[in-house]
**Student:** 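Have a look at this one.
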Amino acid sequence: MPDVLAGDGKLRVVIVEDSPLIRARLAESLREIPNVEIVDQVETEAAALAVMREGGWDAAVLDLQLKQGTGLGLLKALAQGARPPRTKIIVFTNYAFPQYRDRSMALGADYFFDKAREFHRVREVLLMLAGGGSTATH
């Protein structure tokens, strides 16, 4: 079992996404994965940082463009010590340009996917992290 799981064997996920439609689609897809629990869904950098500083999460699915603030701002804050150990961050964005990928990875993102072409990859990674399979790296 991957070392990101909570003691109860659940993979606790935070969704940070400003689009209600994408948030709902992600949540629906993730609820189908055994051992995955969505612990919160937020749409701003400040709300995400507050939730993530509290701990209680193992993985986050993070958009770069938020209702207020940015995913890069959140990654920067998390890189400065607000990120709990062993957590995983998946950046999931419409802005899948090399410079955003490079910056996201430099700030600690573990995965970087394009919403338009790689929706399925988020599910694959979380399935793997929850102990249900394996997937290629980033």
Side-chain angles (χ1 to χ4, degrees):
M1 199 172 280
D3 66 350
V4 296
L5 293 180
D8 63 0
K10 295 279 188 186
L11 181 74
R12 299 163 305 179
V13 178
V14 175
I15 297 173
V16 184
E17 169 62 57
D18 64 325
S19 166
L21 292 174
I22 293 174
R23 208 169 44 241
R25 184 173 170 211
L26 265 173
E28 181 181 341
S29 177
L30 301 185
R31 284 189 187 105
E32 296 172 357
I33 302 173
N35 301 325
V36 168
E37 175 186 355
I38 299 168
V39 294
D40 216 329
Q41 299 180 49
V42 295
E43 59 187 7
T44 69
E45 180 181 333
L49 188 55
V51 165
M52 295 167 98
R53 278 188 171 148
E54 288 178 13
W57 62 281
D58 305 302
V61 180
L62 169 63
D63 189 10
L64 292 182
Q65 185 65 40
L66 301 173
K67 192 170 209 169
Q68 200 173 44
T70 68
L72 289 174
L74 179 59
L75 284 170
K76 186 175 181 181
L78 291 171
Q80 294 172 344
R83 183 176 178 180
R86 297 184 317 278
T87 55
K88 300 294 181 188
I89 298 176
I90 302 167
V91 172
F92 187 51
T93 183
N94 283 321
Y95 299 94
F97 303 109
Q99 61 270 32
Y100 287 124
R101 176 186 168 81
D102 293 347
R103 183 73 176 136
S104 295
M105 301 305 272
L107 289 172
D110 298 288
Y111 302 90
F112 186 96
F113 300 126
D114 182 345
K115 283 182 187 176
R117 296 188 316 257
E118 298 178 298
F119 193 94
H120 67 285
R121 296 294 313 273
V122 173
R123 183 180 163 82
E124 288 172 1
V125 167
L126 292 173
L127 180 62
M128 182 263 308
L129 291 174
S134 62
T135 187
T137 59
H138 325 317

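Keep in mind it's a predicted model, so treat the numbers as computed, not measured. Just the heavy atoms: all of them, side chains too, but no hydrogens, waters or symmetry mates, feed the values below.
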**Student:** Drop me the distance from Tyr111's OH to Lys88's NZ, to the nearest 0.5 angstrom.
**Tutor:**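 Taking OH in Tyr111 and NZ in Lys88, the distance rounds to 6.0 Å.
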
**Student:** Taking all heavy atoms of Ile33 and all of Ala130, pick out the closest pair and write down the distance.
**Tutor:** CG2-CB, 4.4 Å

**Student:** Please round to the nearest 0.5 Å and tell me the distance separating atom OG1 of Thr93 and atom CD of Glu118.
**Tutor:** 11.0 Å

**Student:** Does the side chain of Leu64 come within less than 4.5 Å of Tyr100's, by heavy atoms?
**Tutor:**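 Tyr100 vs Leu64: side chains touch.
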
**Student:** Under the side-chain contact (heavy atoms from CB on, under 4.5 Å) rule, collect the residues that match up with Glu45, sequence neighbours excluded.
**Tutor:** Leu66, Thr70, Leu74

**Student:** Would a 4.5 Å heavy-atom cut-off, applied to side chains only, mark Leu129 and Asp58 as touching?
**Tutor:** no

**Student:** Does the pair Arg25/Glu28 count as a salt bridge with the N-to-O cut at 4.0 Å?
**Tutor:**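 No, this pair does not count.
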
**Student:** So which atom in Gly55 and which in Pro84 form the shortest heavy-atom distance, rounded to 0.1 Å?
**Tutor:**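 Shortest heavy-atom contact: CA-CG, 4.2 Å.
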
**Student:** In a check of side chain to side chain contact (heavy atoms under 4.5 Å, CB included) between Val91 and each of Leu75, Asp63, Asp110, which one passes?
**Tutor:**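 Only one option passes, and that is Leu75.
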
**Student:** Can you list everything that forms a side-chain contact (heavy atoms from CB on, under 4.5 Å) with Ala47? Sequence neighbours excluded, please.
**Tutor:**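 Scan of Ala47 (side-chain contact (heavy atoms from CB on, under 4.5 Å), adjacent residues dropped) gives Val42, Thr44.
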
**Student:** Who pairs with Lys67 by salt bridge (Lys or Arg N to Asp or Glu O under 4.0 Å), at least two apart in sequence or on another chain?
**Tutor:**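 Residues passing salt bridge (Lys or Arg N to Asp or Glu O under 4.0 Å) with Lys67: Glu43.
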
**Student:** So how far is it from Asp102 CG to Phe112 CZ, rounded to the nearest 0.5 Å?
**Tutor:** 8.5 Å

**Student:** Could you tell me the separation between the CG atom of Leu62 and the CG atom of Leu78, rounded to the nearest 0.5 Å?
**Tutor:** 8.0 Å

**Student:** Should Leu126 and Ile90 be marked as a side chain to side chain contact (heavy atoms under 4.5 Å, CB included) after you check the CA-CA gap, both sets of side-chain angles, and the distance that decides it?
**Tutor:** CA-CA 9 Å; Leu126 292 173; Ile90 302 167; 3.8 Å; yes

**Student:** Quick one, Arg31 and Ile38 - any side-chain contact, counting heavy atoms below 4.5 Å?
**Tutor:** yes

**Student:** Is any side-chain heavy atom of Arg101 closer than 4.5 Å to a side-chain heavy atom of Ser104?
**Tutor:** no

**Student:** Not counting sequence neighbours, which residues clear ring-ring contact (aromatic ring centres under 6.0 Å, His included) with Phe119? List them please.
**Tutor:** Phe92

**Student:** So do Arg83 and Ile89 actually touch side chain to side chain, heavy atoms under 4.5 Å?
**Tutor:**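 A side-chain contact exists here, since the closest heavy-atom pair is under 4.5 Å.
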
**Student:** At their closest point, which heavy atom of Ala27 faces which heavy atom of Gln41, and how far apart are they?
**Tutor:** CB-NE2, 3.9 Å

**Student:** Please identify each residue that fulfils salt bridge (Lys or Arg N to Asp or Glu O under 4.0 Å) with Asp114, with sequence neighbours left out.
**Tutor:** Arg117

**Student:** Just so I know, are the side chains of Lys115 and Glu17 near enough to count as touching, which here means a heavy-atom distance under 4.5 Å?
**Tutor:**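 Lys115 reaches Glu17 side chain to side chain.
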
**Student:** Going by the rule side-chain contact (heavy atoms from CB on, under 4.5 Å), which residues pair with Arg103 if we only count those two or more places apart in sequence or in a different chain?
**Tutor:**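 side-chain contact (heavy atoms from CB on, under 4.5 Å) check on Arg103 returns Leu72, Leu107.
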
**Student:** Listed by chain and number, what are the salt bridge (Lys or Arg N to Asp or Glu O under 4.0 Å) partners of Arg123, not counting sequence neighbours?
**Tutor:**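 Listed in chain order: Glu32.
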
**Student:** Working to the nearest 0.5 angstrom, can you tell me the gap between Leu11 CG and Asn35 CG?
**Tutor:** 8.5 Å

**Student:** Tell me every residue that passes side-chain contact (heavy atoms from CB on, under 4.5 Å) with Ala79, counting only those two or more places apart in sequence or in another chain.
**Tutor:** none

